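First the structure, in the form of structure tokens, and then the observations on it.
Quick caveat: nothing in here was measured; it's all calculated off a predicted structure. For ligands, and for the atoms within them, numbers begin at 1 and follow the listed sequence. The analysis underlying the following values was restricted to heavy atoms, covering all of them including side chains, and did not include hydrogens, waters or symmetry mates.
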Amino acid sequence: MPTDGYGAQSRQFQPHPDPASAGFLAQFGASDESSEGFSPTPRGYQPGRTKYVVVIGTVMSGLGKGIFSSSLAKLLKDKGLTVAPIKMEGYLNIDSGTLNPYRHGEVFVLEDGLETDMDLGTYERVLNQNLGRLNFVTAGQIYTEILERERRGGYLGRDVQMIPHVTGAVKMRLRQLAMTGNAGKPCDVVFVEVGGTAGDYENGFYIEALRELAFEEGSENCCFVALTYILEPSILGEQKSKAAQLGIKRLMEAGVQPQLIACRAKNPVTEKVMQKIAMFSNVPLPRIFSMHDRASIYTIPDAMRDGGLDREILSLLKLHERVNAKQEDRERVTWSAFTKRLNAPRAHKVRIGVLGKYASLRDAYASIDKAIEHCGTALGAEIEIDWLDTSDVATLAEAKQIVSKFDGVIVPGGFGMRGVEGKVRCVEAARVDRVPFLGICLGFQVAVIEYARDVLGWTDAHSTEFDPATTHPVISELADQKKIEGIMGGTMRLGGQDVQIERGTLAHLVFGGRDVVRERFRHRYEVDPKHVAALTAAGMIFSGRHTKHPIMQVLELPISVHPYFIGAQFHPELTSRPLEPQPMFMGLIAAAIARREPDFAQTELGKRWVRTAAGTNAAVTA
Ligand code: GLN
């Protein structure tokens with residue numbers, strides 16, 4: 001029975017039937033018709049089993065709710081608790097697949113194929129945990145579900161309302177995640193991140209649903225965090241808390257009392273400002289956290305622990321007895337070794353060029369940025385990244401000039417014709433000038449096109465995405481192939497797939513001798529198997545393939561012609577984690593270091609990551 005003082009009231013919300021079954025309809029019978037306490041709950045749901053931490057932004061968005069939420073979730077995960085994050089988006093799109101990366105940041109693809117917001121990447125990296133479709137919800141998903149049920153007659157004559165039906169569907173999603181968020185089993189804590197800020201039109205129904213959830217679950221099962229922003233206008237030279245106060249007030253007007261406040265700021269938040277915020281928001285000082293700018297987000301979990309935030313959450317949610325102290329000690333040692341490496345002086349320095357089409361916005365390639373950062377830490381290299389737009393690269397000479405500035409280049413994924421010809425030239429420059437190269441998805445396809453044109457002499461070779469009339473469609477959309485795989489016409493191959501790696505290849509070396517690896521895909525076009533024999537005869541090696549079908553997934557060139565030339569039809573950046581950098585990126589950065597410092601190949605790290613010909617390292621830089 002609830003001990004939170006809600007007494008009988010909260011009991012009326014206890015287990016409800018599964019909405020997927022006829023039981024859902026029963027809730028609209030006579031008794032529920034007269035009751036306003038409609039709150040669908042999955043069958044077998046136990047209130048109190050799973051706790052909820054809800055993070056809501058105030059003042060402005062883009063402050064790092066996801067970073068805060070994932071760091072706090074990591075602290076609890078390290079203590080042996082099972083955690084499941086969920087991002088709630090206010091937009092009406094069903095997923096992020098159709099969003100322009102220039103406006104919204106990269107599309108992050110989950111293992112189960114859902115195309116999501118880039119914040120899910122932050123959660124996966126910080127928590128070192130794969131997520132799935134239950135971890136991401138949009139207003140579009142919620143409304144679609146409701147409107148479809150309405151058409152099926154699922155509401156038995158009732159008018160369908162924002163409250164309780166839309167808010168009910170939101171609570172249902174959260175409780176479903178609570179029951180399954182630990183690999184199909186109930187998890188200890190669900191971390192809810194609401195997109196946008198309090199006061200936005202489009203996320204109001206989420207905040208209302210969460211207010212209801214907190215009421216129904218009880219005060220010791222649900223905790224709200226307000227993430228706010230402390231202004232520091234240069235004309236005043238001091239921190240001002242008014243905007244934060246007003247933002248938090250906005251949240252309180254919606255009936256939500258935060259228990260914890262995180263203050264984003266340029267500099268550490270002063271005691272005076274914290275006192276003011278405490279006083280205006282009913283939140284005691286120990287629960288106000290200064291989340292000022294830091295060199296790396298990976299130091300935030302430690303800062304939170306130093307500030308005692310983890311203990312506050314455990315007390316608020318009565319979670320102390322679920323803590324596994326031994327596991328926490330182990331995880332702390334591992335993480336602090338990592339943050340120590342992160343902050344240590346770097347022995348090497350390299351320049352990497354990312355040759356894409358969104359040169360001005362790092363968010364469009366957020367995971368690539370992170371994957372490179374992970375490798376820099378692991379290999380002790382300071383990595384300068386240049387993001388270049390290839391649209392204006394008109395000649396091979398120009399491409400060579402650009403590529404020669406770097407110790408390694410990446411051609412990332414993309415859609416649409418703009419910049420493709422420039423990329424072809426840059427890949428040619430990297431190939432002939434032996435600059436370490438990693439092609440990703442479209443970058444992989446461009447490498448095939450370039451090779452077919454220059455080495456096979458098929459001067460009009462292309463992808464049918466860009467030139468449907470080409471006489472050499474080396475990359476094309478293979479409808480029959482997709483049919484065999486069960487992919488609907490016109491749609492993309494999305495999500496995790498096994499990749500068979502051929503022994504004795506560069507791919508096999510970087511993947512540490514694994515014969516099968518799992519990576520994430522997002523593409524519509526692929527190498528036409530008809531042309532594989534010709535490409536292979538001309539020297540291109542397809543070292544990674546689909547386990548059953550003739551789909552080329554990794555390409556490379558032999559060491560006799562290039563130290564590190566590799567491409568992936570998948571997106572290796574999506575699986576890179578701070579403690580486990582993705583191997584193809586590791587290989588690239590190691591090759592880039594070896595290009596600058598021939599001796600690197602002899603070091604312990606060099607021996608693991610740098611490919612050498614016949615046991616000698618000479619060929620790497622020859
Ligand atoms: N446009 C290409 C395709 O659809 C590549 C996609 C990508 O790079 N993600 O196959």
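- Considering only non-hydrogen protein atoms, atom 7 (C) of ligand 1 sits nearest to Cys441 SG, 2.9 Å.
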Mind running salt bridge (Lys or Arg N to Asp or Glu O under 4.0 Å) on Arg351 and Asp407 for me, showing each step along the way? CA-CA 5 Å; Arg351 269 187 93 184; Asp407 307 301; over 6 Å; no
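- What sits closest to atom 4 (O) of ligand 1 on the protein, heavy atoms only, is Arg524 N, 3.0 Å.
- Every atom of ligand 1 is numbered from 1 in the order shown, and the set under 4.0 Å from a heavy atom of Gly413 is 8 (O).
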Please lay out, stage by stage, how Tyr451 and Leu535 fare under the test side chain to side chain contact (heavy atoms under 4.5 Å, CB included). CA-CA 8 Å; Tyr451 208 75; Leu535 287 159; 4.3 Å; yes
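- Taking a cutoff of 4.0 Å between a charged side-chain nitrogen and a carboxylate oxygen, Glu398 and Arg425 do not qualify as a salt bridge.
- For Gly414, a nitrogen or oxygen atom sits less than 3.5 Å from a nitrogen or oxygen atom of ligand 1, counting backbone and side chain alike.
- The only member of Phe338, Phe585, Tyr298 that meets side chain to side chain contact (heavy atoms under 4.5 Å, CB included) when paired with His374 is Tyr298.
- At least one heavy atom of His571 sits closer than 4.0 Å to an atom of ligand 1.
- Ring geometry, His562 versus Phe565: the interplanar angle exceeds 60°, so the pair is classed perpendicular (tilted spans 30 to 60°).
- Residue contacts with ligand 1 leave out Glu526, since none of its heavy atoms falls under 4.0 Å from the ligand.
- When only non-hydrogen protein atoms are considered, atom 9 (N) of ligand 1 lies nearest to Arg522 O, 3.0 Å.
- A cation-pi arrangement is not found for Arg520 relative to Phe570, the charged atom failing to lie both closer than 6.0 Å to the ring centre and inside a 45° cone about the ring normal.
- Of the polar atoms of Ile440, none of the N or O atoms is found under 3.5 Å from an N or O of ligand 1, judged by distance alone.
- Atom 10 (O) of ligand 1 has its closest protein heavy atom at Tyr525 N, 2.9 Å.
- The backbone N or O of Gly196 lies less than 3.5 Å from a partner atom in the side chain of Lys65, making a donor-acceptor pair.
- Here the heavy atom of the protein found nearest to atom 1 (N) of ligand 1 is Glu465 OE1, 2.7 Å.
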